[in-house]
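For reference, the structure discussed in these notes is given below.
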Amino acid sequence: MSAAKQGFPENFLWGGATAANQLEGGFDADGKGLSTADMIALVPKDQRRSVHAMEMTTERIQQILNGEVEARFPKRDGIDFYHRYKEDIALFAEMGFKVFRMSIHWARIFPNGYDAEPNEAGLQFYDNVFDELLKHGIEPLVTLSHYETPLGLTLKYNGWASREVVDHYARYAETVFKRYKDKVKYWLTFNEINIMLISPYTGGGVLTDQVDNKLQTSYQALHHQFVASAKATKLAHEIIPGSQVGCMLARMETYPFSCNPADVRMAQWENQVNMFFTDVHARGKYPNYMERYFAENNIVIEREPGDDELLLNNTVDFISFSYYMTITRSSNPDDEVGEGNLIGGVRNPHLEASDWGWEIDPIGLRVTLNNFYDRYQKPLFIVENGLGAYDRVEEDGSIHDTYRIDYLRKHIEQMKEAIKDGVELMGYTSWGPIDLVSMSTSEMSKRYGFIYVDLDDEGKGTWNRSKKDSFDWYKRVIASNGEDLA
Ligand code: BG6
């Protein structure tokens with residue numbers, strides 16, 4: 001008898017994924033403090049493909065705090081989920097969501113990050129949201145830190161560059177685990193932990209003008225996050241019986257541009273440095289290939305006694321990741337450079353790109369899933385995937401987003417193939433089931449949702465919600481457990 005899997009398991013967790021700072025708004029409501037995300041202005045159109053837009057300096061923070069910067073800060077408003085969560089959750093329930101990924105805005109709980117007591121109004125807000133989800137039979141999947149470090153920690157300690165932040169994070173984690181232990185079973189410790197290497201401000205609230213060596217500081221800050229992640233995993237397991245804790249990586253599978261061994265080696269290294277983060281979380285120790293890299297780049301990680309044991313004894317229960325693109329590397333400097341993919345590389349002539357230049361690669365998702373599973377043999381969870389695109393509203397209000405359906409269908413087909421390959425996949429939460437503020441550019445016009453939000457880049461609109469064509473499509477996908485993709 002064949003033991004081969006045929007399709008999605010019965011308990012597969014279908015749903016959507018969001019982050020507090022891109023969704024909630026209410027940035028100063030009910031005692032919330034400022035976070036790093038609240039300081040990010042709308043990125044002008046001509047810079048929207050630049051990751052440097054995610055950098056921040058001490059001077060600019062001061063200017064913003066002094067009210068000297070004329071700009072919009074769209075993440076302060078989000079899409080007003082803070083006041084409309086009931087309506088939004090009812091729409092998720094109508095689509096049949098089994099799970100909803102969201103983050104807790106840390107500064108809602110500890111306004112400065114280092115406060116002695118948590119903010120009760122913030123805790124109550126998430127109680128209300130979780131109750132609403134559970135009322136509809138939707139399981140919350142909660143990220144503790146999604147690019148929203150309390151600004152107080154940046155101003156006082158330069159964010160995750162300082163070891164002190166580990167204990168503040170652990171206290172925050174313990175507070176929310178104790179509070180929500182009967183409501184939340186699935187937790188993620190850090191969103192896309194590897195983004196620290198692209199933008200230390202986004203990933204760790206670190207202002208690089210305050211440090212001498214950006215690379216050294218980034219890896220030290222990452223060590224602090226690894227330790228914090230292990231502490232949180234330990235606490236969750238102690239406080240919430242049956243809880244499952246995952247790490248979260250922005251996975252960018254890298255291909256060699258040609259069979260030239262120099263290209264193959266470049267791609268291999270890129271894959272190693274990307275999976276370094278999941279290696280630490282899943283295997284509980286730094287891999288040998290990074291020790292060589294650290295030595296050759298004069299990077300010295302300061303570790304405290306006990307760190308190694310903590311990492312080793314508190315590995316994650318599952319691996320989660322975002323998947324938007326693959327990267328192609330060439331050793332030939334004359335090959336055409338790709339302009340849109342987040343970390344560069346050359347253009348892959350076999351792939352098309354989104355309106356924002358991200359190369360679309362459904363088969364790459366099957367490759368990614370197989371590689372992850374071969375490496376760790378731990379359950380996997382795709383917690384972000386989707387197409388950021390411009391949508392057109394017809395005169396009758398309808399939105400025919402066939403391009404989005406097409407994108408998602410092709411990725412889900414490849415997930416099914418990977419399951420047949422034997423990969424253990426727990427669930428799939430597509431990014432931004434409801435339109436929300438873009439992380440990289442703070443635009444509203446980069447839309448991912450099944451649900452349209454009438455709000456533009458300038459903050460104008462009714463804020464009303466309406467269903468796109470993809471809404472009914474995804475509802476059918478979930479109802480058929482991934483069988484009806486037409
Ligand atoms: C991921 C982030 O990198 O990509 C999300 O975890 C983000 O926060 C998503 O929104 C899509 O990126 P963007 O820039 O299109 O919003």
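Counting starts at 1 for both ligands and their atoms, in listed order. Keep in mind that this is a model prediction, so the values were computed, not measured.
Scored by the side-chain contact (heavy atoms from CB on, under 4.5 Å) test, Ala232 finds Leu144, Tyr169, Ala173, Phe177, Thr189 as partners (sequence neighbours excluded).
Distances between N or O atoms of Thr441 and those of ligand 1 include no value under 3.5 Å. Looking at His146 next to ligand 1, an N or O pair under 3.5 Å apart turns up.
Near Ser438, meaning under 4.0 Å from any of its heavy atoms, are these atoms of ligand 1: 13 (P), 14 (O), 15 (O), 16 (O). Set against the non-hydrogen atoms of Tyr448, the atoms of ligand 1 under 4.0 Å away are 11 (C), 12 (O), 13 (P), 15 (O). Atoms of ligand 1 lying under 4.0 Å from at least one heavy atom of Lys446, given by number and element, are 13 (P), 14 (O), 15 (O).
Rounded to the nearest 0.5 angstrom, Glu253 CD and Thr368 OG1 are separated by 4.0 Å.
Electrostatic pairing of Arg101 and Glu384 counts as a salt bridge here, judged by a charged N lying under 4.0 Å from a carboxylate O. A salt bridge between Asp28 and Arg76 is absent, with no side-chain N of the basic residue lying under 4.0 Å from a carboxylate O of the acidic one.
In Trp356, neither the side chain nor the backbone holds a heavy atom less than 4.0 Å from any atom of ligand 1. At a heavy-atom distance under 4.0 Å, only side-chain atoms of Trp358, from C-beta outward, approach ligand 1. Counting heavy atoms closer than 4.0 Å to ligand 1, residue Ser440 contributes atoms from both its backbone and its side chain. Here Leu436 has no heavy atoms under 4.0 Å from ligand 1, in either its backbone or its side chain. Both the backbone and the side chain of Met439 come within contact range of ligand 1, each with a heavy atom under 4.0 Å.
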- Message: The test is ring-ring contact (aromatic ring centres under 6.0 Å, His included); show your working for Trp431 and Tyr324 and say whether it passes.
- Response: CA-CA 10 Å; Trp431 178 253; Tyr324 293 96; 7.4 Å; no

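Of all heavy-atom pairs between Leu133 and Pro140, the closest is CD1-CB, 4.1 Å.
Taking the six-membered ring where the residue is Trp, Tyr474 and Phe97 present perpendicular rings, their angle passing 60° and hence far from 30°.
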